[in-house]
Structure formats: structure tokens, C-alpha cells
Undergrad: 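I'd like to ask you about the structure that follows.
Convention: sequence-line order gives letters A, B, ...; per-chain numbering from 1. Values reported hereafter were calculated over all heavy atoms of this structure, with side chains retained and with hydrogens, waters and symmetry mates removed.
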Amino acid sequence: MTKFADLGLDPKVLAAVDDAGYETPTPIQAGAIPPALIGRDVLGIAQTGTGKTASFTLPMITLLAKGRARARMPRSLVLAPTRELAAQVAENFDIYAKNTRLTKALLIGGVSFKEQDALINKGVDVLIATPGRLLDHFERGKLLLTGVQVMVVDEADRMLDMGFIPDIERIFQLTPFTRQTLFFSATMAPEIERITNTFLSNPEKIEVARAATTSETIEQGVVMFKASRKDRQAKEKRDLLRALIDKEGEACSNAIIFCNRKTEVDIVAKSLNKHGYNAAAIHGDLDQSHRMRTLDGFRDGSIRFLCASDVAARGLDIPNVSHVFNYDVPSHAEDYVHRIGRTGRAGREGKAMMICVPYDEKNFAAIEKLVDKEIPRIESPVEFTAPSKPASKSAKPADEDKKPKSEKAERSSDKPKSSRSRGGRKSGRDRYQNDEPVVGMGDHVPAFLTRSFKSTAA
DNA sequence: AAAAAAT
């Protein structure tokens with residue numbers, strides 16, 4: 001079997017790999033590193049969890065180890081679709097370049113330009129960026145891409161989904177024609193094919209997994225759930241989620257809970273916390289530092305449940321997730337594959353459970369078609385019963401919460417309770433509550449108008 | 001009853 005030591009990496013890189021505890025490369029690493037080291041273009045078709053990041057960072061560091069960075073002219077460039085993914089590549093780079101003197105800058109949105117500018121000015125070997133922020137720097141004239149010797153495009157299919165392809169094309173055109181390109185995508189959509197034909201030259205193609213395959217080590221299941229009453233669906237779904245989590249008990253060491261909408265992510269996280277579960281939300285509306293902190297907390301175990309939008313479905317390196325809960329059925333079938341791919345990685349066991357409500361059934365059918373197998377149905381661990389009568393005035397106390405506040409307030413003021421009903425001074429609120437319709441000011445003149453302006457001003 | 005990314 002191939003070892004990292006056989007791939008021709010720089011000894012300093014090899015030492016760092018060894019320190020990180022790796023000995024045997026994954027298929028994508030074994031396939032991509034040797035051609036990358038001799039300067040060839042690489043087209044890697046691989047999903048997350050295959051060791052993709054190291055398959056370009058290791059050869060890049062080796063290639064850059066000779067030579068020095070020049071001001072405002074980075075020698076290499078890595079493009080990633082999301083901020084988190086870019087940050088993660090940067091972390092990877094730190095780990096494997098620790099024995100070298102290579103410098104890097106992370107250019108992502110949501111953080112200030114100032115520090116990024118300072119780094120670029122000093123000169124960096126590696127620039128890791130999201131496309132928008134990179135072009136922003138370029139347009140401000142702070143950055144020259146003519147010194148780029150190696151360019152990496154990570155998760156190209158996701159860039160396509162997010163509408164980044166024009167940006168990517170533009171960035172390609174800003175870099176020298178002679179650069180080496182390492183290009184990674186989970187799928188080869190026609191548009192991706194076109195880009196690779198245009199910008200890669202005679203690439204070594206390495207394919208390690210088909211996009212629509214789900215790992216054999218993931219145990220999948222779905223609860224076909226119909227709420228006891230339509231207006232109770234949201235609440236019952238949250239109850240059901242907790243019941244599913246409880247049923248897993250200790251086996252659920254940590255989990256990602258995927259929702260389709262950002263508002264839902266917030267609601268579910270809040271609800272879990274309210275019920276004593278250690279949960280946090282992550283989605284694109286939260287500011288960058290918050291997102292980073294949450295992710296760190298989830299990685300180090302101080303957060304057990306990560307409620308996430310699809311910002312976390314792909315790419316993010318979150319090791320050792322025991323469970324994935326699809327609180328909502330994803331509306332794009334491929335997203336299902338990406339979401340559940342967060343568990344059962346590197347041959348480990350994982351469980352992926354989904355809640356499917358009647359509205360989701362069409363999307364669910366598309367998922368079963370894509371993964372080409374039947375997802376086992378799970379019995380709901382809880383039963384919900386609808387109240388016998390639809391909501392009426394004589395309904396149970398549970399309905400009382402739903403009454404508008406004003407109505408409740410009125411009702412409580414009916415009760416002959418406090419001293420004020422015994423002829424004492426009425427509170428300001430009650431003074432205006434009589435049944436007579438009020439037109440204009442009627443006969444009543446508010447007290448403040450009878451005071452002189454002088455005393456009012458005082 | 002749509003997420004993400006530049007401001």
C-alpha cells in the first residue's frame with residue numbers, strides 16, 4: 001500500500017503529516033499528489049470527507065517551499081465557495097506548512113479589509129479566498145494575480161450552484177496562462193465540464209466517488225409524519241425531533257440538525273435549548289465571528305447539537321458526527337447526500353434520520369430516486385392526538401397562550417381583584433377603558449392639558 | 001415553504 005513517504009513530498013511536509021498522525025493517503029491524495037508535484041493540472045472528482053483538502057495543500061506547500069513571496073503578488077491561490085470552507089483550508093495549510101516559512105492570507109467577507117490588506121502588502125505565498133472578497137481586493141488595486149503559479153478551485157459544483165462561475169472565469173483570466181491548476185468538484189455538470197475544458201490543460205483526472213452515492217456505513221431512516229392538526233405541525237415536529245434524539249440516548253454524542261430555512265434553524269435551536277438540550281444555530285445571517293465561534297464550540301464538544309442551514313451541508317470539516325437529523329426534507333435531492341455525508345465518514349458508523357411531512361413527499365420521492373434505494377421507514381416514537389373539538393372559547397387551557405394579549409388583559413381586569421376596584425384611584429390604563437365609543441376627545445380633557453405650559457416644562 | 005456570497 002502507498003504511504004505518504006512514497007509520494008515525493010518535501011521532507012518538511014512529510015514531517016508535519018507524520019505529526020498529524022497520518023501515514024496512508026486516501027485514494028484522492030494518492031491519485032492527485034504525484035501528478036500535482038510534477039506540475040500537471042489535476043481534475044479531482046471527489047466529495048467531502050475524502051481527504052480532498054490535503055490532496056492540494058500538501059503538493060502546494062512542497063512546490064512553494066522553494067522561492068519567496070513578493071509584495072502584493074501571491075504565488076498561489078485557493079478559491080472556496082464559503083467562508084467556512086476557506087477558513088478550513090487555511091487551518092489545514094497551517095498544520096502542514098508548520099515546518100516551512102510560507103506565509104498565507106485568508107480573504108473572506110464579513111471581516112475587515114485592514115488586516116487582509118496589510119498581509120497582502122507584505123507579500124504572501126498562499127492566498128485563500130472566497131471569490132467575492134478576492135475580486136473586491138483586486139478592484140481596489142491592492143492585489144496582483146500575475147504571480148500566481150498554482151491555482152486551486154475547491155468545490156466547483158457548489159460554486160456553480162451559488163452563481164460564482166462568472167467570478168471564477170474572471171479570476172482565471174487574471175492569473176497567468178502558465179499557471180498550474182488543481183480543480184475539484186463533486187460532480188461534473190455540463191457547465192463545470194466547459195470550465196475545465198477552457199482553463200485546464202491536459203489534466204490528470206482522478207475520480208473517487210460518484211456524487212449520488214451514500215456511504216454504506218450510514219444507517220438511514222425516515223419518519224413519515226402527519227401532524228394531528230395542520231396548525232400544530234411546527235410544534236409537533238419539534239417534539240418529534242426531541243423524541244428521536246432521546247431515543248438515540250448516549251449513542252448520539254453530537255449531531256447536526258439540518259433545516260431548509262434560516263428562520264427555522266433559529267427556531268429549532270431556541271426550542272432545543274429551552275428544553276435543556278445543548279444546541280447552537282449556524283446560518284448565513286449570523287455574523288462571521290459568531291459562525292466561527294459556534295463551529296469551534298461544536299468541534300471541541302462544548303456544543304452537542306448544531307442546527308444548520310445548508311451552509312454546513314458541504315465542505316465543512318466537522319469530524320466524528322454521530323448523527324444527522326434532517327428536520328426538513330431538502331428540496332434538492334443532492335443536498336440530502338451532502339447533508340448525511342457529515343456522518344459515517346472514514347468508515348465510521350453514522351445515523352441519518354429525517355422527518356418527512358406530507359408537503360415534503362415529492363422531494364422525498366426525488367431523494368429515494370437519486371440514492372436509488374428505499375430509505376427505511378421509522379415509527380414515530382411519539383403519538384400526537386388532536387383536541388377533539390377545534391379551538392373554541394371553552395377550549396382547554398393550552399389554547400389560552402394563543403389568545404392575543406389584549407384579550408387576556410381584558411379578561412383579567414374583569415376579575416374584582418385588587419383594591420382599585422373598591423373605589424380607590426384607578427390606574428391610568430383603566431381610566432380610558434369604558435364602553436362608550438370615543439369620538440375625538442369627547443368631554444374628557446386629559447389632565448395634562450389643564451396644566452399650564454410652565455408647569456409642564458418643569 | 002429557498003441558501004449562500006461583496007457592500
Side-chain angles (χ1 to χ4, degrees), chain A residues 48 78-89 106-114 116-117 120 127-143 153-171 174 186 225-227 230-235 237-238 256-269 281-288 290-292 294-295 306-316 326-339 342 354-364 366-367:
Chain A
T48 49
V78 179
L79 293 172
T82 65
R83 297 168 184 176
E84 274 78 10
L85 198 50
Q88 196 176 287
V89 171
L106 177 63
L107 306 189
I108 56 175
V111 291
S112 95
F113 280 94
K114 222 175 143 191
Q116 298 178 354
D117 275 340
I120 295 168
L127 208 55
I128 301 157
T130 46
R133 184 51 77 98
L134 181 85
L135 285 171
D136 208 343
H137 276 282
F138 179 80
E139 274 154 18
R140 289 150 44 111
K142 297 287 167 110
L143 185 61
V153 179
D154 198 9
E155 305 250 337
D157 54 327
R158 185 123 197 247
M159 302 245 194
L160 175 69
D161 290 347
M162 291 164 70
F164 280 155
I165 293 301
D167 288 350
I168 296 298
E169 286 188 75
R170 196 168 153 222
I171 294 165
L174 298 173
F225 177 66
K226 191 168 187 305
K230 217 174 165 193
D231 61 313
R232 301 194 155 217
Q233 179 173 291
K235 186 197 170 291
K237 235 175 125 175
R238 293 193 293 271
I256 308 183
I257 297 157
F258 283 107
C259 304
N260 287 358
R261 285 180 311 283
K262 292 179 279 197
T263 49
E264 199 74 45
V265 170
D266 285 330
I267 293 167
V268 171
I282 189 163
H283 59 66
D285 276 358
L286 299 168
D287 72 68
Q288 197 55 31
H290 189 128
R291 280 158 69 170
M292 298 269 195
T294 302
L295 218 45
L306 186 68
C307 299
S309 68
D310 280 316
V311 71
R314 310 192 204 186
L316 288 196
N326 275 301
Y327 183 80
D328 292 317
V329 175
S331 47
H332 293 295
E334 319 86 71
D335 286 338
Y336 177 75
V337 179
H338 289 291
R339 286 180 180 186
R342 311 313 315 192
M354 181 152 69
I355 301 173
C356 178
V357 298
Y359 177 90
D360 296 323
E361 274 164 20
K362 249 191 183 160
N363 289 328
F364 179 71
I367 289 168

Undergrad: With sequence neighbours excluded, what pairs up with A:K230 under the side chain to side chain contact (heavy atoms under 4.5 Å, CB included) test?
TA: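 So A:K230 forms no side chain to side chain contact (heavy atoms under 4.5 Å, CB included) with any residue.
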Undergrad: Run the side chain to side chain contact (heavy atoms under 4.5 Å, CB included) test against A:A269 and tell me which residues pass, sequence neighbours left out.
TA: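 Result, side chain to side chain contact (heavy atoms under 4.5 Å, CB included) vs A:A269: A:A281, A:C307.
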Undergrad: Quick one: side chain to side chain contact (heavy atoms under 4.5 Å, CB included) partners of A:E169, sequence neighbours excluded?
TA: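 Partners of A:E169 under the side chain to side chain contact (heavy atoms under 4.5 Å, CB included) test: A:I165, A:R194, A:I195, A:F199.
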Undergrad: Sequence neighbours excluded, which residues qualify as side chain to side chain donor-acceptor pair (under 3.5 Å) partners of A:R238?
TA: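 Partners of A:R238 by the side chain to side chain donor-acceptor pair (under 3.5 Å) criterion come out as none, since no residue qualifies.
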Undergrad: Sequence neighbours excluded, which residues qualify as side chain to side chain contact (heavy atoms under 4.5 Å, CB included) partners of A:M292?
TA: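 With sequence neighbours excluded, A:M292 shows a side chain to side chain contact (heavy atoms under 4.5 Å, CB included) to A:A87, A:I108, A:Q288, given in chain and number order.
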Undergrad: Return a single string for nucleotides 1-7 of chain B, one symbol per nucleotide in 5' to 3' order, where B is base contact, S is sugar-phosphate-only contact and - is none, cutoff 4.0 angstrom on heavy atoms.
TA: BBBBBSS
